[in-house]
Enquirer: 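Below are the structure tokens for one structure; questions will follow.
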Amino acid sequence: MSETLTATGISRRYGTSTVVKDVSLTLQPGHITALLGGSGAGKSTLLRLFAGLEPVDTGEIRLGDQLLSSPDKTVPAEKRRIGLIFQDFALFPHLTAAQNVAFGLKSMGKEAARALAAEWLERLGLTGRAEAYPHEISGGEQQRVAIARALAPSPAAILMDEPFSGLDPALRGSVRDTALAAIREAGIPALLVTHDPTEALESADCIAILQGGTLLQQGEAAEIYMNPASAAVAASLGPVSRLKAEHLPEGLAGQAVPAGTELIVRPEGVLHDENSPARAKVLASQLTGPLCRLLLQCNGQALTALVPRTTAPKAGTEIGIRLDPALTFMFQSADT
Amino acid sequence: MTSLTYLRSFRVRSVDGPALLAGLIIAVPVIATLIAGLVFGGGDVWVHIRDTLLTGYTLGTLGTLALTAIMTLAIAVPAAWLVTMYRFPGRGLFEWLLILPLAAPGYVLAYAYADLMGLMGPFQMAIREATGLSARDYWFPDMRSLPGLAFVLTCALYPYVYLTARSAFVSQSVCALEAARSLGASSARRFWQVALPAARPAIAAGLALTLMEAAADYGAAEFLGVPTLTFGIVRAWQSFGDPSAASRLALILVVIVIALILTERHTRGRAGSQQSSTRWRTVSRTKLPIGAGLVASAFCGIVFLVAFFMPVSRLIWLSLESHDQIAPIGQALINTLILAGSGAALAFVLALTIALSARQSGLVAGFARIMASSGYAIPGAVLALGALLVMGQLGITLTGAWAIVALAWVYASRFTTSGAEPMVAALGRAPASMGYAAESLGASPLRRAVSVDLPVALSGAMAGALILFVESLKELPATLMLRPFNWDTLSVRANAYASDERLAAAALPSLLITLAGLLPVILLSWRLSHSRPGDTQ
């Protein structure tokens, strides 16, 4: 029976700078939690605290009832049974794929370890690569070996540090799907550190947003996307346009906007509507695939909209627009 | 590749000519010795050597190499691991102190240890005073033996393995070690099963270098009375006056050196050692508990004490205590500066040529590089023999200025590759695209070499020049064989005094050689501490 991995009020300081500040985060078994944030947000440090590679300065980390970290005690990484997957794969270059996977199976007999390693390689679509050395296989295969290696010893939890960002974009999707399916099947808590909001939204059941070492919001992916707690959270989950209440043209918002408010709107929330009294000039129209990105100027404010390619207006034209209230979030302006 | 494009890659460009010439200058002594050894080496002297001395020489060399390898690995690898992975008292100091023994040639350590451990040395005197025993009543390690030779060579040469192992440990993937931890590996298992196998090729390369230098040693073997092949080569030339018999002995030594190089290549095998990591994080050193920390400090401290501090202090003490016995060495110093200066100047020009041509790909440049590196692996005594044979064939008598030319040639042949290394490294730090940019702007290979690559290479030139000068200054066997009559250098003078058991007189030239040797070592340790990949994200 898998257990919850919980951090309560943990902090980590390097000299005078606090890299992780009073973070509480619960990782549920069978759920993938994405830890999302820009560079320097403290994501990797938080992962290292969970892994036991660094001690906490305050708070505690528990696996079920078992205390793993507190300011007085750190169960060493090698005793935690928490698997790690890195961006650069971190395979042992002198061992074959099968030997890499069997590395953590020392407590088993040699034959049993070999059989289990072969089973994991097969599960991750690496049959026939067992005897290859890391430098003889592709990046995607290397990462799948790393995932098999981390999962083979049946860890109590798994932590992934930007595991797919080193891969070719064409490969990334398929490796991610294979890997996450195997992790979900294991039914253990999983943390996926990423700076890519699309990856977080596509892959994770829950998202936790970290900025400057502080956890801004955590919850289910759809819930956070539709109900961000702050402008920073909304912006961290994808591109947004920011509009000040006092510069809003008549009829754009479609709802009452109190003075001193900032409107945050997602590109798909800017709707093309010729019946709207609010007019915007199309500065540029960029094809992004099935959709077109429109760069608009409305009453001196810049907006971005995503519209179907077939109905996209041309650059230089003037169009009517309105905002979708479900994708428009109002926050107290930072200026007031 | 079609045959036409294959042939085109052979075209000689303007930068290839000088590189080929440089390669040839370096390789000729090697080739001459090999040909002489194969074709002319079978006279009476050879038959005598083969029947009476060859087994001893070969076993002496192989035994010395085996013992040196074992002791070097046992000292250098743990020391490198400790200073890279752990925090303990004095770690920062030991990190560079442990490189210092590289400054003292093996023969200098041999003189110091023969005195320290001898019957009248401080250790044996102290034992006799403390116990009242006489010299016959107890056993004491005899430095004038094969283990004694291996011991001093280990002291002088272990830093090669220490440096390569340390550099491999510093640049290892921290993520791989952390992955091993998350898989439950203890710190001992992480060392034996993750770090050590990944560092194996680097350690093997350092060990190959150590053993090549050990095989090339003449001064320590001769002084400690251990018959080795290099000792035999110099003896065949000096005592028997037969260069062709010497060159056949050299052939056997070259075979051993080639076997070492091939073994080193073999250790790379199919298994990779290249980390998959593309991003680096500084190795975060684990603080050792007090007890373990003191053991680590003691280990590193004893290594430094035994390999450098004790013998060098003894030489200083000998110089001070018996200053009345010190012979004037002013002339030897001037001779040394002239010889080392000429050798270094020639080697510098060759090294720069090789470094610049290495920047531009092509089969001719590659061939020139292979020729250039051949001298590096070959002992000085063998190269001296080659120079002797070539000059003899040309009808040149090795006296006066010709002898100096021959020695400068041998120094250049032996040391150019090590002098080129910092320049190649300086060039390596500039992206290859820089050269392509110059070519895309219409620069010819020659203009590219002169106006783009040369200024970059010169940033490593000072280090290169210093290494060349100091290596030439320390060289002993070739200098003994080729120097003009009565033209003593510091190393020759030290060797002569030591051979006469005038160790106090040998101490000062030995110290001066060690002092000069410290300069590139300090430069090296500065470069190491300022260029570790772990420091840059």
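Computed from a prediction, not measured in an experiment: that's the story for all the values here. Throughout, a chain's letter reflects where its sequence line sits, starting with A, and its residues are numbered from 1.
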Enquirer: If you draw a 6.0 Å radius around CD1 in B:I290, do more than 12 non-hydrogen atoms from other residues or ligands fall strictly inside?
Expert: no
Enquirer: Between A:R149 and B:L183, what is the shortest heavy-atom contact and its length?
Expert: O-CD2, 3.4 Å
Enquirer: A:F92 versus B:Q193: any side-chain heavy-atom pair under 4.5 Å?
Expert: no
Enquirer: Within this structure, what is the OG-CD1 distance for the pair B:S182 and A:I85, rounded to the nearest 0.5 Å?
Expert: 9.0 Å
Enquirer: Below 4.5 Å from any heavy atom of chain B, which atoms of A:P76 appear? Answer side chain, backbone, both or neither.
Expert: both
Enquirer: Below 4.5 Å from any heavy atom of chain B, which atoms of A:I82 appear? Answer side chain, backbone, both or neither.
Expert: backbone
Enquirer: For A:A90 and B:A179, which heavy atoms make the closest approach, and how far apart are they?
Expert: O-CB, 4.3 Å
Enquirer: Just wondering, more than 12 heavy atoms not from A:D65 lying within 6.0 Å of its CG?
Expert: no
Enquirer: Kindly indicate, with the supporting measurements, whether the criterion side-chain contact (heavy atoms from CB on, under 4.5 Å) is fulfilled by B:R190 and A:E78.
Expert: CA-CA 10 Å; B:R190 292 198 295 275; A:E78 55 270 34; 3.7 Å; yes
Enquirer: Look up atom SG in B:C175 and atom CG in A:L84, then write down how far apart they are to the nearest 0.5 Å.
Expert: 9.0 Å
Enquirer: Measure the shortest side-chain to side-chain distance between B:R189 and A:K106 over non-hydrogen atoms and say whether it is less than 4.5 angstrom.
Expert: yes
Enquirer: Just wondering, more than 12 heavy atoms not from A:K73 lying within 6.0 Å of its NZ?
Expert: yes
Enquirer: Once rounded to the nearest 0.5 Å, what's the spacing between atom NE2 of A:H94 and atom CG of B:L196?
Expert: 9.0 Å
